[in-house]
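Shown next, in structure tokens, is the structure this report addresses.
Reminder, nothing fancy here: chain letters follow the sequence lines and each chain counts from 1. Side chains included, hydrogens not; waters and symmetry mates left out as well; all remaining heavy atoms used.
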Number of protein chains: 2
Amino acid sequence: MRLSDAEWKVMKAVWDHQPSTARQVLNSVGNDTGWAYSTVKTMLTRLTDKGALSSEMRGNTAVYSPRISQGDAQRSAVRSLLDRAFGGAMAPMLRFMTDGSDLSAADRAAIRDLLQQTDEGAR
Amino acid sequence: MRLSDAEWKVMKAVWDHQPSTARQVLNSVGNDTGWAYSTVKTMLTRLTDKGALSSEMRGNTAVYSPRISQGDAQRSAVRSLLDRAFGGAMAPMLRFMTDGSDLSAADRAAIRDLLQQTDEGAR
DNA sequence: GCGAAGCTATTACACTTGTAGAAGGCTGTC
DNA sequence: GACAGCCTTCTACAAGTGTAATAGCTTCGC
């Protein structure tokens, strides 16, 4: 399951608050994105068609629930980046995560040590 | 600089062998992709327009060189995934990399320990 | 019961991406 | 010097993405 940028934003809103109506999603992401209601609705429809969400009518209003977990989506996004940009090799990707990151210097040093061990182990 | 799937494949070929002609790129990726020559050429033109490659005519043949380093492209791809799918938080992303990965069990355990420290540090 | 407000479904349109064919220009070889 | 082969540039087209307007149905408050 491949999610586009806009789809990620919508999915996050639904993961955070399940189930959600279109209105609720708009309230959640609207400030950030400036989207129109109908934009959100289109996204929700497309995500439902893709199988990422399920929808159920409650009265005359559709409520949407995730059909895939955030964890699965994240896992497959990482996997896909790994394959696309790093030839599937985990270690080099970790290495890039340790530069200029949000981790503390100590954390970064620790990761770096870990990677060195990985390298030595592979040799 | 955002690279699409196909663009990544082309860029990797050029990074591996600089500078490269369209024919060389095709030889490098053609087996894998089954692309036509003109497909590669289109990609190279688009990448040049985007500023990811520079091109220079050598005789009647264009040779392409990277204008951005593989490292920079990787870094920005990681950054972008981090923002899109993990709200910019490094630790959760690392956590997903430690499940079902190519790293050895020992490596994964080590990363897990590291993350635990990160969590405690943040508390 | 009627109007406002909210909901749905349909349609649209520009841009990006993947993929390539076609037409026309050089060049090396016989 | 003509033809094969390789190169370039132009054009195309379907699918996916971002973004939304619009039209018509429902419902709640007065």
What integer distance in Å separates [X]:[atom1] from [N]:[atom2]?
X     : N      : atom1 : atom2 : answer
A:L44 : C:dA9  : CG    : P     : 11 Å
A:L47 : D:dG16 : CG    : C1'   : 13 Å
A:W35 : D:dT17 : CH2   : C1'   : 11 Å
A:M43 : C:dT8  : CE    : P     : 16 Å
B:R2  : C:dG18 : CZ    : C1'   : 17 Å
B:D5  : C:dT16 : CG    : C1'   : 13 Å
A:D49 : D:dA15 : CG    : P     : 15 Å

Exercise. Can a donor-acceptor pair under 3.5 Å be found between the side-chain atoms of B:S38 and the base atoms of C:dG21?
Worked result: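 It does, because a donor-acceptor pair links the side chain of B:S38 to the base of C:dG21 below 3.5 Å.
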Exercise. Does a distance-only test, which skips hydrogens and angles, find a donor-acceptor pair under 3.5 Å between the side chain of B:R46 and the base of C:dT19?
Worked result: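 By the distance-only test, yes, there is a pair.
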Exercise. Any link between A:I68 and A:V78 through a network of hydrophobic side chains (Ile, Leu, Val, Met, Phe, Trp, Tyr) touching at under 4.5 Å?
Worked result: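 No, A:I68 and A:V78 fall in different hydrophobic clusters.
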Exercise. Linking I/L/V/M/F/W/Y whenever their side-chain heavy atoms sit closer than 4.5 Å, directly or via other members, would A:F86 and B:M11 fall into one cluster?
Worked result: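 Not linked; separate clusters.
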Short N-O contact, [X] and [Y], less than 4.0 angstrom:
X     : Y     : result
A:D5  : B:R2  : yes
A:R79 : A:D83 : yes
B:K50 : B:E7  : yes
A:D72 : A:R75 : yes

Nucleotide nearest [X] (side chain, heavy atoms from C-beta), chosen from [options]:
X     : options                : value
B:Y37 : C:dG6, D:dC7, C:dT19   : D:dC7
A:S4  : C:dT17, D:dG18, D:dT19 : D:dG18
B:T61 : D:dT19, D:dT26, D:dT8  : D:dT8
B:T42 : C:dT8, C:dT19, C:dT17  : C:dT19
A:K50 : D:dT19, D:dT8, D:dT17  : D:dT17
B:A62 : D:dT27, D:dT8, C:dT8   : D:dT8
A:N60 : D:dT19, C:dC7, D:dG18  : C:dC7

Exercise. Is it true that atom CG of B:N31 has more than 12 heavy atoms of other residues, nucleotides or ligands lying nearer than 6.0 Å?
Worked result: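 At most 12 heavy atoms, drawn from other residues, nucleotides or ligands, come within 6.0 Å of this atom.
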Base, sugar-phosphate or nothing for [X]? Non-hydrogen atoms, less than 4.0 Å.
X     : result
B:R23 : sugar-phosphate
B:K41 : base
B:T39 : base

Exercise. Does the pair B:K9 and B:W35 meet the rule for a side-chain contact (heavy atoms from CB on, under 4.5 Å), with working shown?
Worked result: CA-CA 11 Å; B:K9 291 188 187 147; B:W35 283 341; 4.1 Å; yes
What N/O pairs connect the protein and nucleotides 28-30 of chain D at under 3.5 Å? Give each pair on its own line.
none

Exercise. Toward the 5' end of DNA chain D, which comes first, A:G59 or A:E7, by nearest nucleotide?
Worked result: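 In this pair, the answer is A:E7.
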